[in-house]
Undergrad: 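Just dropping this structure here.
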There are 2 protein chains.
Amino acid sequence: MATRTAAATAAKARIRDAAQGRILDAAAEVFSERGPAAATVAEIAARADMPTATVHYYFGSKTALYDAVLSQVLDLWLSEIDRIDTQGPPEEALSAYIRAKMRVSFAHPAASRIVAGEILRGGAKIESFVRDELLPHLQAKLDLVEHWRRSNRVRPVDPRTLFFLIWASTEFYATYASEVVAVRGVERLTEAEFETASDAIADIILRGALPRARD
Amino acid sequence: MATRTAAATAAKARIRDAAQGRILDAAAEVFSERGPAAATVAEIAARADMPTATVHYYFGSKTALYDAVLSQVLDLWLSEIDRIDTQGPPEEALSAYIRAKMRVSFAHPAASRIVAGEILRGGAKIESFVRDELLPHLQAKLDLVEHWRRSNRVRPVDPRTLFFLIWASTEFYATYASEVVAVRGVERLTEAEFETASDAIADIILRGALPRARD
DNA sequence: GACGATCCTGATTTGATCGTCAGGATCGAT
DNA sequence: ATCGATCCTGACGATCAAATCAGGATCGTC
């Protein structure tokens, strides 16, 4: 180790990162499709096109691998909350937020489903994340909405209820995708359908939450 | 068997039903908390306060037990769609529907979570139910909303999108209960909080989906 | 080309849970 | 009291997936 050059270390690191990346991608897929309990290391390894033992070599245990996937996914989730532009008017800020959340549901359905599954089963694994990371970020946004509300730029609604409504309606398109597909009678959801749904959701929620009719 | 009286048969049936009921209740709890894969027959049996073998005696296999729970739960889910009063004005009908769905989320959180988990993992097990039972029932309701829309009693929104919004926002309080609890900083959700949330959701969605400002 | 370090994997062990089975307990009918 | 039918259960076996391990392959350095 004392004789290792930086180049050698970097080369090894690249190999490691590539392998870990492939495993993480495969794992995110399998965990989201089957849930962490039903997912098997063998299936994850098969999708990453490598032997089972290799997965254990890199991540030690299935639980550790799941935790790594979860951590990745939570970072994505957190970054979405920051998408609210605190400068613009409520109408534009909320509209942009809704569209951003819908885009995540479309672009990262596996990530959305993993978080949803975690919460569905009580959220014990993400408790500290929610307390230490999510809530502080969220609080600033809640304060912003509360501020709007006090200056009558948002109707008198509990800011938290408004956020719940936005989360529910946007994440629905990732977590209930199989239902949406069945009810709409399509093969799969296209980006265009996501755009249309985003428009409709933003339209209804904004009209419902902002003062004055807009047409 | 040829000599069995009706009374004896009824007595046995009562015993059987009681035991099966206890098992089904315990199973619904455990399945909803852990998911079908992570749930163990041993834990279900422990909650029903009986040996593991007894659960197998009544239901044969864990899969059969899960299917029985799922079937119960889907019936409940279906019955909710019929709650829409096709006679009344849109405002009252939709408001009553939203409140009914919220009441289910509050009264039967385990049932809501089991269905949500099933859908989350692709809904393969409920595919035929959705096609043969849910969709036909739903279609009548969609037609009703479409009818309202054409007579300008509902704003120009896709009826399916409106239903998705209602489902998402109401089931959110069952499926994301651990998040709601964390964000609100309470121990658990009370009936009063569900009522308040119902009011807020109905208020925003109705104002967003119905023509003319209401204040 | 010998070295140290890391990468990688087939074979095997370990552990947990589903499901069976043989047989005892209970109960109503006669 | 005995009988048939069903209820009920402890003990056991089979299965399946996680995790270990010993050892070989590879790579940059000297």
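Letters A, B, ... are given to chains in the order of the sequence lines, protein chains preceding strands, and every chain is numbered from 1. The figures that follow rest on heavy atoms only: side chains count, while hydrogens, waters and symmetry mates do not.
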Undergrad: Can a side chain N or O of A:R16 be found less than 4.0 Å away from OP1 or OP2 on C:dT6?
TA: no
Undergrad: Strictly below 4.0 Å, N to O, side chains only: are A:K125 and A:D67 in salt-bridge contact?
TA: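 Yes.
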Undergrad: Residues in salt bridge (charged side-chain N to carboxylate O under 4.0 Å, His left out) with B:R47, at least two apart?
TA: B:E29, B:E33, B:E43
Undergrad: Could you give the OH-to-P distance, from B:Y66 to C:dT17, as a whole number of Å?
TA: 19 Å
Undergrad: Less than 3.5 Å apart, which donor and acceptor atoms pair up between the side chains of residues 138-146 of chain B and the rest of the protein, not counting sequence neighbours?
TA:
| unit_1 | atom_1 | unit_2 | atom_2 | d |
| --- | --- | --- | --- | --- |
| B:Q139 | NE2 | B:D143 | OD1 | 3.1 |
| B:E146 | OE1 | B:R149 | NE | 3.2 |
| B:E146 | OE2 | B:R149 | NH2 | 3.0 |
| B:E146 | OE2 | B:R150 | NH1 | 3.4 |

Undergrad: Taking ring-ring contact (aromatic ring centres under 6.0 Å, His included) as the cut-off, I'd like each qualifying pair that reaches into residues 24-51 of chain B, sequence neighbours left out, listed once.
TA: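 Listed by first then second residue: B:F31-B:Y66.
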Undergrad: Separation of B:D49 atom CG from D:dC8 atom P, in whole Å?
TA: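 So the two atoms are 13 Å apart, to the nearest Å.
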Undergrad: How many Å lie between CD on B:E43 and P on C:dA16, as a whole number?
TA: 15 Å
Undergrad: Sequence neighbours left out, what passes salt bridge (charged side-chain N to carboxylate O under 4.0 Å, His left out) with B:R121? Give chain and number order.
TA: B:E118
Undergrad: Should D:dC30 form a Watson-Crick or G-U wobble pair with both distances under 3.5 Å, which nucleotide is its partner?
TA: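 For D:dC30, the partner nucleotide comes out as C:dG1, under the 3.5 Å rule.
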Undergrad: Could you pull out all residues at least two apart from A:D199 that satisfy salt bridge (charged side-chain N to carboxylate O under 4.0 Å, His left out)?
TA: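 With sequence neighbours excluded, A:D199 shows a salt bridge (charged side-chain N to carboxylate O under 4.0 Å, His left out) to A:R99, given in chain and number order.
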Undergrad: Tell me whether the side-chain N/O atoms of B:T54 come closer than 4.0 Å to OP1 or OP2 in D:dC8.
TA: no
Undergrad: What is the separation between atom OH on A:Y58 and atom P on C:dT6, rounded to the nearest whole Å?
TA: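 One finds 12 Å between P of C:dT6 and OH of A:Y58, rounded.
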Undergrad: Rounded to whole angstrom units, what separation is found between the CG atom of B:D17 and the P atom of D:dT6?
TA: 15 Å
Undergrad: Please encode protein proximity along nucleotides 14-20 of chain D as a string of B, S and -, counting only heavy-atom distances under 4.0 Å.
TA: ---SSBB
